[in-house]
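Note: hydrogens, waters and symmetry copies are ignored here, and every other heavy atom, side chains too, is used.
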2 protein chains.
Amino acid sequence: MNVTGHTRRPASIRDVATAAGVSYQTVSRVINGHPSVRPSTRERVLAAIDELGFRRNATALALASGRSRAVTVLTANTTHYGYASILQGIEEAARAASYAVGIGVLESADDAAVAAEVQRAADAGGGLIVIAYDPAGVRALGAVPAGLPVVGVVETPASPPAGESPWVWADDREAAYQATRHLLALGHETVHYVAIPSSTRRTSARTSGWRQALKEAGAPEPRPVQGSWGPAGGHAAGLKLARDPSVTAILCGNDDLALGVLRALHEAGRPVPGEVSVAGFDDAPHSAFLTPSLTTVRLDFTGLGRAAFGLLHRALEESAPVAPHPVSVPELVVRESSGPPPAGH
Amino acid sequence: MNVTGHTRRPASIRDVATAAGVSYQTVSRVINGHPSVRPSTRERVLAAIDELGFRRNATALALASGRSRAVTVLTANTTHYGYASILQGIEEAARAASYAVGIGVLESADDAAVAAEVQRAADAGGGLIVIAYDPAGVRALGAVPAGLPVVGVVETPASPPAGESPWVWADDREAAYQATRHLLALGHETVHYVAIPSSTRRTSARTSGWRQALKEAGAPEPRPVQGSWGPAGGHAAGLKLARDPSVTAILCGNDDLALGVLRALHEAGRPVPGEVSVAGFDDAPHSAFLTPSLTTVRLDFTGLGRAAFGLLHRALEESAPVAPHPVSVPELVVRESSGPPPAGH
DNA sequence: GCGCCTTGTGTGACCGGTCACATTCATGCG
DNA sequence: CGCATGAATGTGACCGGTCACACAAGGCGC
């Protein structure tokens with residue numbers, strides 16, 4: 001071990017080589033587990049490595065070999081629970097594979113800004129994971145130059161892509177379908193929907209799952225209310241819906257929106273679940289502790305993150321395991337915020 | 001512009017050089033804005049750069065120059081609001097300075113695990129920012145090898161460090177002090193405290209601010225209740241406190257804990273703020289929308305993150321601005337969850 | 001006993017930049 | 001007019017690894 005106090009330049013393979021009395025190439029072979037090295041030689045090299053505290057320089061490795069064992073995650077807003085959990089899952093899997101994780105935040109959905117961010121990520125080397133649940137993310141996914149390995153974390157696609165695709169997703173559509181059916185089964189005539197900003201112009205997967213459940217039940221399909229991501233958007237949407245006495249069940253695009261809706265209903269004097277039932281989406285950690293506690297659909301975000309990394313890992317290295325990270329199916333969690341409609345409905 | 005479809009090796013400075021009819025060194029000079037390049041030459045080089053779509057290879061730059069324009073953030077749990085916001089602030093400032101941001105998650109506070117994570121971060125090159133609000137973070141900060149530039153985001157230190165220190169902090173102590181005074185001013189006899197896990201064995205800054213306010217008011221000092229980070233911990237602590245009828249005011253180490261406490265009080269049939277007042281810490285986005293909405297202290301987490309980056313930037317580059325990122329002082333936000341104690345107290 | 005293949009090891013070039021120094025040419029000044 | 005000076009540019013080495021290839025020694029078949 002290096003015991004001298006002052007910082008010195010870290011040992012390189014040539015330092016190790018002279019210390020062990022071999023050439024730098026032999027050291028390289030030992031590091032990389034090349035078979036044809038005499039055991040006694042390997043021994044000496046390993047001893048020298050240990051003594052000098054040698055660590056392979058990641059930068060030099062990346063430059064010389066071309067592979068960089070790094071992933072950059074492009075995402076809007078790391079503050080949001082779902083995004084943060086996906087990131088957590090990616091990091092976890094990356095750590096296990098000893099990959100470095102970089103992050104880039106898409107602050108604006110503006111084309112130029114997105115392109116700049118993608119460029120930065122590309123400069124970092126290695127692979128790319130884009131969280132494409134929102135317009136900025138979708139645009140970023142589209143702006144990735146061909147040839148750069150990339151995996152997108154996307155909404156449930158309308159039709160399952162043929163063959164291998166560089167995407168992972170949780171089954172949002174199924175989740176929305178389940179939540180809507182739950183509310184309908186309680187006896188509600190229909191279910192209103194407060195949407196998260198759609199990632200594309202087209203209808204989001206969550207919206208289409210909701211719609212499908214309504215259609216199957218022969219329930220009327222009210223116009224979805226457009227919310228933002230945060231509770232404030234839910235609050236605004238909730239105030240609007242609270243004014244309509246026919247509204248008895250509301251599905252929200254995520255738990256934060258649901259929180260705002262709950263608050264708005266409270267302010268409007270409409271008891272939950274007595275008069276109105278509310279269901280969220282994501283099962284954020286606080287949702288179980290709200291009053292009333294929130295009925296919601298749990299999504300396996302960290303699993304999604306792990307799967308995204310797994311797919312990218314496979315794209316970057318032939319030798320990586322093929323499908324190591326299953327994503328669990330969405331699970332409806334029934335709590336206090338949903339119940340039968342009031343009598344007379 | 002490169003219009004050929006298939007991916008080719010990105011252009012290097014030598015490619016640019018031949019295209020412009022100069023040497024690679026001249027290209028390097030142009031890139032780095034060296035003054036002694038004839039304007040006409042610079043012109044030609046810039047044209048070649050543009051035509052070939054040249055971008056400077058970050059890896060090669062890092063290897064050759066030693067500086068890497070990268071920061072790695074070491075943190076526990078990116079899911080927690082405060083941590084995520086700090087990360088967001090760091091990323092924002094880093095982006096502005098065109099630094100790459102890497103993250104490493106401290107999943108366990110185990111010494112070996114922490115050391116491994118610090119090593120990984122060191123291997124990534126560049127500077128390090130450690131979020132040291134919890135035991136894992138504090139241990140990581142301690143394990144950083146000398147000579148590696150590092151900034152810690154820490155709790156308010158007991159005494160202001162002399163001279164320049166590699167730490168940034170929000171004034172937690174002052175914040176806790178303010179919140180406690182607010183509750184005392186409402187007429188409560190004393191204020192109970194549900195603590196977040198302390199970063200060290202010693203008393204945390206938040207605890208000491210609370211204690212100081214009690215002492216100044218001559219209020220009795222109840223034993224702090226140890227919570228965890230999440231709402232579940234707050235819930236457990238809240239159930240305990242709810243059983244004690246003398247408890248009329250509770251300060252919580254963060255908003256998630258407060259949420260759990262609110263829920264526990266609700267389950268125990270103790271109205272808030274009618275019988276018990278609750279205050280949180282952090283002003284998470286959902287706190288304003290709870291019922292009752294939560295009185296809390298807002299901390300400038302993103303500002304903290306920006307300041308941390310600013311300090312590190314300065315440590316890495318002589319030329320960086322000295323103190324560009326002020327951290328705003330904590331601000332008490334009074335909402336529905338705090339009020340006067342019930343009559344008879 | 002010779003050639004041939006395999007095993008173990010070393011040498012030189014290279015990845016894409018930067019840095020230190022050399023070189024050329026025009027200019028200013030004594 | 002000669003020489004020092006500085007602007008503009010080029011050359012070679014280097015950062016710390018990897019890769020392709022050369023080469024010596026030993027075992028084996030014929």
Side-chain angles (χ1 to χ4, degrees), chain A residues 8-46 48-49 52-70 98 100 122-126 316-317 319, chain B residues 8-46 48-49 52-70 98 100 122-126 316-317 319:
Chain A
R8 39 146 60 85
R9 186 173 51 74
S12 75
I13 54 167
R14 326 221 174 206
D15 299 329
V16 174
T18 32
V22 296
S23 78
Y24 53 82
Q25 180 61 305
T26 300
V27 176
S28 174
R29 283 195 258 265
V30 170
I31 300 173
N32 295 298
H34 188 98
S36 53
V37 174
R38 189 173 317 187
S40 65
T41 311
R42 182 192 315 278
E43 207 65 20
R44 266 185 310 157
V45 171
L46 287 175
I49 285 177
L52 298 177
F54 167 80
R55 304 211 95 215
R56 194 223 240 94
N57 180 319
T59 305
L61 174 62
L63 180 59
S65 69
R67 350 180 186 99
S68 64
R69 299 188 81 74
S98 47
D123 287 350
L316 292 170
E317 292 180 49
S319 62
Chain B
R8 38 145 60 85
R9 185 171 52 74
S12 74
I13 54 167
R14 325 220 176 208
D15 299 330
V16 174
T18 31
V22 296
S23 78
Y24 53 82
Q25 180 61 307
T26 300
V27 176
S28 175
R29 289 196 180 91
V30 170
I31 300 173
N32 295 299
H34 189 97
S36 54
V37 173
R38 187 174 318 182
S40 65
T41 311
R42 181 191 317 278
E43 208 63 21
R44 264 184 311 156
V45 171
L46 287 175
I49 285 178
L52 297 178
F54 168 81
R55 306 211 94 213
R56 194 222 240 95
N57 180 320
T59 305
L61 174 62
L63 180 60
S65 69
R67 350 181 188 99
S68 64
R69 299 187 82 72
S98 46
D123 287 351
L316 291 170
E317 291 180 49
S319 61

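Between B:R9 atom CZ and C:dC15 atom C1' the separation is 9 Å, expressed in whole Å. One can place CZ of A:R38 at 11 Å from C1' of D:dA24, the figure rounded to the nearest angstrom. As a whole-Å value, the separation of B:N57 CG from D:dG16 C1' is 14 Å. In this structure, B:D123 places its CG atom 14 Å from P of D:dG16, rounding to the nearest Å.
The shortest distance between the side-chain N/O atoms of B:R56 and the OP1/OP2 oxygens of C:dG16 is not below 4.0 Å. A sub-4.0 Å separation between OP1 or OP2 of C:dG8 and a side-chain N or O of A:R42 is absent.
Remark: B:Y24, B:Q25, B:S28, B:N32 in residues 23-37 of chain B come within less than 4.0 Å of DNA chain C through at least one heavy atom.
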Between A:R9 and A:D15, is the side-chain contact (heavy atoms from CB on, under 4.5 Å) condition met? List the steps.
CA-CA 11 Å; A:R9 186 173 51 74; A:D15 299 329; 3.7 Å; yes
Please report the C-alpha distance between A:Y24 and A:V16 in whole Å, then the side-chain angles of each, then the deciding distance to 0.1 Å, and finally whether the side-chain contact (heavy atoms from CB on, under 4.5 Å) criterion is met.
CA-CA 8 Å; A:Y24 53 82; A:V16 174; over 6 Å; no
Full working for side-chain contact (heavy atoms from CB on, under 4.5 Å) between A:V30 and A:H34
CA-CA 6 Å; A:V30 170; A:H34 188 98; over 6 Å; no
Let me see the working for B:R44 and B:T26 under side-chain contact (heavy atoms from CB on, under 4.5 Å), right down to the final yes or no.
CA-CA 11 Å; B:R44 264 184 311 156; B:T26 300; over 6 Å; no
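A salt bridge is absent between A:R56 and B:D123: the closest approach of a Lys/Arg side-chain nitrogen to an acidic carboxylate oxygen does not fall below 4.0 angstrom.
Note on the helix from C:dG1-D:dC30 to C:dG30-D:dC1: angle between the axes of the first and last five pairs equals 50°, rounded to 10 degrees.
A donor N or O paired with an acceptor N or O is found under 3.5 Å between the base of D:dG17 and the side-chain atoms of A:R14.
Each of A:R44 and B:A11 lies near DNA chain C, and the nucleotide nearest A:R44 is the one positioned closer to the 5' end. Nearer the 5' end of DNA chain D, as judged by each residue's closest nucleotide, is the contact made by B:G21, out of A:S65 and B:G21.
Residue B:R55 is classed as a sugar-phosphate contact, given heavy-atom separations below 4.0 Å to backbone atoms only. As judged by a 4.0 angstrom heavy-atom cut-off over every strand, A:R67 is placed among residues touching the sugar-phosphate backbone only. Within the nucleic acid shown, A:L61 comes within 4.0 Å of sugar-phosphate atoms alone, with no base atom in reach, counting heavy atoms only. A:T41 comes within contact range of the sugar-phosphate backbone alone, with a heavy-atom separation under 4.0 Å but no base atom that close.
Annotation for B:E317: atom CD counts as buried by contact number, over 12 foreign heavy atoms lying within 6.0 Å.
Of all the heavy atoms in A:A48 and A:A20, the pair that sits closest is CB-CB, 4.0 Å. For the pair A:V45 and A:V22, the tightest heavy-atom approach, listed with the atom from each and the gap, is CG2-CG2, 4.0 Å. In terms of heavy atoms, A:A17 sits closest to A:S23 at CB-C, 3.6 Å.
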